[in-house]
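Given the structure is predicted, the values throughout are model-derived calculations rather than measurements.
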Amino acid sequence: MIAQSLSNIEVISGADVKSLEPVWIYPEQNGPLLQSIIHEFGIHPVIAQILISRGYKSLEEIHEFLYAKLPNLFEPDLFPDMDKAVERIAAAILGKQPILIYGDNDVDGMSAAALLTDFLRTIGGKVYFDIPNRSSLKKSLMGNALETALRHKCALLITVDCGITAAKEIEEVVRQGIDVIVTDHHEPTSKIPLCIATLNPKLINSTYPNRDLTGVGVAFKLAHAIANHLIENDLISSSKIDLKSYLDLVALGTIADMGALKGENRILVRYGLKQMRKMKRVGLAKLFQLSELERGELTPADIASKIAPRLNSLGRIADPIKGVELLLIRDNDEAESLAKELDLNNLERQKIEREASDDIEEQIFRKPELLQEKVIILQSDKWHPGIIAILSARIAKQYNRPTLIIALEQGIGKGSLRTIPEFPLLSILKENEDLLINFGGHDYAAGLTIKESDLPRFKERFRKAADKILKQADVATKLYLDAKISFRDLTFDFMESLSLLEPFGNENPPPILYSDAMQIWLPKVVGKYHLKLFLEQEERMLEGIAFGLAEKKDLIRRKNMALRIAFTPQINMFLNKASIQLQIKDFEELNPS
């Protein structure tokens, strides 16, 4: 619903909509490097230009991006505390000590908990797992970890995708005689937990080269290090451990958590998708089936849009432990039953989200001046705290500015923040720590808990910080173009060449190309909100679909109109016949009168 709010705002203020029109950012040109790439790798000039536009400046960088394989992964012992973590876990396994895996309640946390639980059980560990239910407003980030550990008489607690900001709670766990290992990827705040080992690539003293690992990525590194230790010390046969079998979980959590798909993450996701297509995990296979996904067609976009929301719905409005159970389950009937339950939860989550979206749309409709500020801050006691992260991400992306969405309940506000590269969050949150009950996350995606009485002061400080740091140009919506292309180059061979750049996702999005063409027929409105365009260049005709741009139809309602179009090419299948279609992001009239 929010995606269509622009048409409502246009009624109130045309200037508001105009300010939201994207600024086209044209690609950097570097002729000598372009020719070197073409010569060295024998790739299409447009692919070479895309690589330049993405910031690759040397043939070595490009070779690593295109051809890196599993052996190119970094060694896990590059984490400073890895040896301590491995030693303690090995002792727990050999001593038959119960271990608790405690994960965050999103897909990254579920995937990480499933991975470590499965791996440690495979090598003989007595392992329990727990995920906090945070759909209600709780002050503690660690929830009932201590209670669960004591109930199962655990000697060791391992956090996954959480714990780095829970120094106080972990101190209490340690005081009860339980050893703690923290594995996390969120930014540390003021105090690091005192425990056996802390594995986090974002620690100030971390020597691990990849800061972009997600929670499940760190968990996989720990499993890799444990496997190395046990095999090197003849404590287990190498034939008993197949680390590749866990890469499907790494891909799932990395994609769902918007991990940057470059460097090591790209290798993990590329091979993880291959593993996922084997459908070895019964629960995931049932979820794919319910989502109408075929194994050969799985892409990061499929995972992000169809699988992750179903699993995340548990953490939003239900019991996230069931997500881990689904990833571990081996019985077909149980898997099908649980997958159907997830699907129903997701439908309920969509309903709750739709109601909140409508409410937000109404707020923006009534107060269009909200879009004149450099930040968007909205609050309500009607919104479910489990869906505010989805809303803040969507609004921040749509309006290209820092966004804070706050759900209020009994005098406490739970907030979700998303932002733009020019305005990292954590330094701002640290400066305002005196007003917050707690906070954590990343520079570009964070959460906070605050007393409702402290909200006015916090909002005032947050707005002042944005006004000080951000220029008006920073909050303008931008459309980054990768390369110019002619219609004659848009062939199936070219589309095959584009697959070299996959998998696409965060920080490695599908390329946006641009071209000049004639509109030979009038555009057609499709499904109320979308436009179909009929375009020709040098006697070749292609169709384009512009999602959400139906309100711009009156700008191009004439034949033989010269347009510059920005688009992502895709292969469209209709009646078993393949054709190349342009997914149009924006268009401009050439030489307007």
Side-chain angles (χ1 to χ4, degrees), residues 25-28 30 33-34 37 41 43-44 46-70 72-74 107-108 185 201 209-214 216-217 220 247-248 250-277 297-305 307-308 393 396-397 400 418 420-421 442-445 478-483 485 494-514 566-571 583 585:
I25 310 296
Y26 284 88
E28 173 193 342
N30 186 331
L33 179 57
L34 182 76
I37 296 169
F41 300 105
I43 57 179
H44 194 286
V46 172
I47 306 294
Q49 177 58 54
I50 292 168
L51 291 165
I52 293 172
S53 301
R54 299 287 169 96
Y56 294 96
K57 299 188 182 303
S58 72
L59 298 179
E60 289 76 18
E61 281 181 299
I62 291 167
H63 185 276
E64 184 179 336
F65 174 79
L66 294 176
Y67 304 116
K69 294 182 169 55
L70 284 176
N72 298 108
L73 294 175
F74 298 119
V107 179
D108 192 20
H185 72 121
N210 178 16
R211 287 188 93 253
D212 293 325
L213 271 182
T214 57
V216 71
F220 178 75
L247 289 175
D248 54 352
V250 180
L252 175 64
T254 301
I255 293 165
D257 213 55
M258 297 294 288
L261 295 195
K262 58 185 184 180
E264 185 175 47
N265 282 6
R266 185 164 176 269
I267 301 172
L268 291 167
V269 169
R270 187 199 293 167
Y271 284 89
L273 287 170
K274 288 180 182 178
Q275 184 66 27
M276 207 178 277
R277 290 179 190 122
E297 299 170 4
L298 287 178
T299 67
D302 293 328
I303 304 303
S305 65
I307 302 302
K397 183 177 181 181
N400 197 56
R418 296 295 185 274
I420 57 178
H442 315 282
D443 263 333
Y444 304 106
K478 300 173 186 71
L479 185 67
Y480 290 94
L481 305 172
D482 287 293
I485 192 169
F494 174 76
M495 296 302 291
E496 181 66 27
S497 298
L498 264 187
S499 65
L500 265 178
L501 308 179
E502 294 177 351
F504 296 128
N506 187 36
E507 296 200 32
N508 186 42
I512 298 178
L513 310 175
Y514 70 99
F567 62 91
T568 295
Q570 57 187 16
I571 294 175
Q583 187 177 326
K585 308 296 183 182

### Task
Could you list the residues that satisfy salt bridge (Lys or Arg N to Asp or Glu O under 4.0 Å) with R277, not counting sequence neighbours?
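Applying salt bridge (Lys or Arg N to Asp or Glu O under 4.0 Å) to R277 gives none.
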With distance as the sole test, does [X] use its side chain to make a donor-acceptor pair with the main-chain N or O of [Y] at under 3.5 Å?
X: N506; Y: I255; result: no
X: H44; Y: V46; result: yes
X: S499; Y: E496; result: yes
X: D212; Y: A260; result: no
X: R270; Y: N265; result: no
X: T214; Y: G259; result: no

Spacing of [X] atom [atom1] and [Y] atom [atom2] [to the nearest 0.5 Å]:
X: I485; Y: Y514; atom1: CD1; atom2: OH; result: 11.5 Å
X: E28; Y: K57; atom1: CD; atom2: NZ; result: 4.5 Å
X: L73; Y: Y271; atom1: CG; atom2: OH; result: 9.0 Å
X: E264; Y: L213; atom1: CD; atom2: CG; result: 5.0 Å
X: L298; Y: M276; atom1: CG; atom2: CE; result: 7.0 Å
X: L513; Y: D482; atom1: CG; atom2: CG; result: 6.5 Å

pair [X]-[Y]: side-chain heavy atoms closer than 4.5 Å:
X: L247; Y: L268; value: yes
X: P27; Y: I52; value: no
X: N210; Y: P201; value: no
X: T299; Y: F504; value: no
X: P569; Y: Q583; value: no
X: K262; Y: N508; value: no
X: I25; Y: L481; value: no
X: P300; Y: L273; value: yes

Which atoms form the tightest heavy-atom contact between [X] and [Y], and what is the distance?
X: R54; Y: P509; result: NH2-O, 2.8 Å
X: V250; Y: G217; result: CG1-CA, 4.5 Å
X: A48; Y: L34; result: CB-CD1, 3.6 Å
X: L33; Y: N30; result: N-OD1, 3.1 Å

### Working for side-chain contact (heavy atoms from CB on, under 4.5 Å), residues R211 and H185
CA-CA 8 Å; R211 287 188 93 253; H185 72 121; over 6 Å; no
### Query
Does atom NZ of K478 have more than 12 heavy-atom neighbours, drawn from other residues, nucleotides or ligands, at distances under 6.0 Å?
yes
Please set out all donor-acceptor pairs under 3.5 angstrom arising from side-chain atoms of residues 62-70, sequence neighbours excluded.
none

### Identified side chain to side chain contact (heavy atoms under 4.5 Å, CB included) counterpart of T254 within the set I303, L261, D108, V107
L261
### Task
Before giving the answer on side-chain contact (heavy atoms from CB on, under 4.5 Å), spell out for I420 and Y444 the whole-Å C-alpha distance, their side-chain angles and the decisive distance to 0.1 Å.
CA-CA 7 Å; I420 57 178; Y444 304 106; over 6 Å; no
### Message
For Y26 together with Y480, are the ring centres under 6.0 Å from each other?
### Response
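Not close enough - the centres of the two rings lie 6.0 Å or further apart.
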### Message
Using side-chain contact (heavy atoms from CB on, under 4.5 Å), reason through I43 and L500 one step at a time and then give a plain yes or no.
### Response
CA-CA 10 Å; I43 57 179; L500 265 178; 3.9 Å; yes
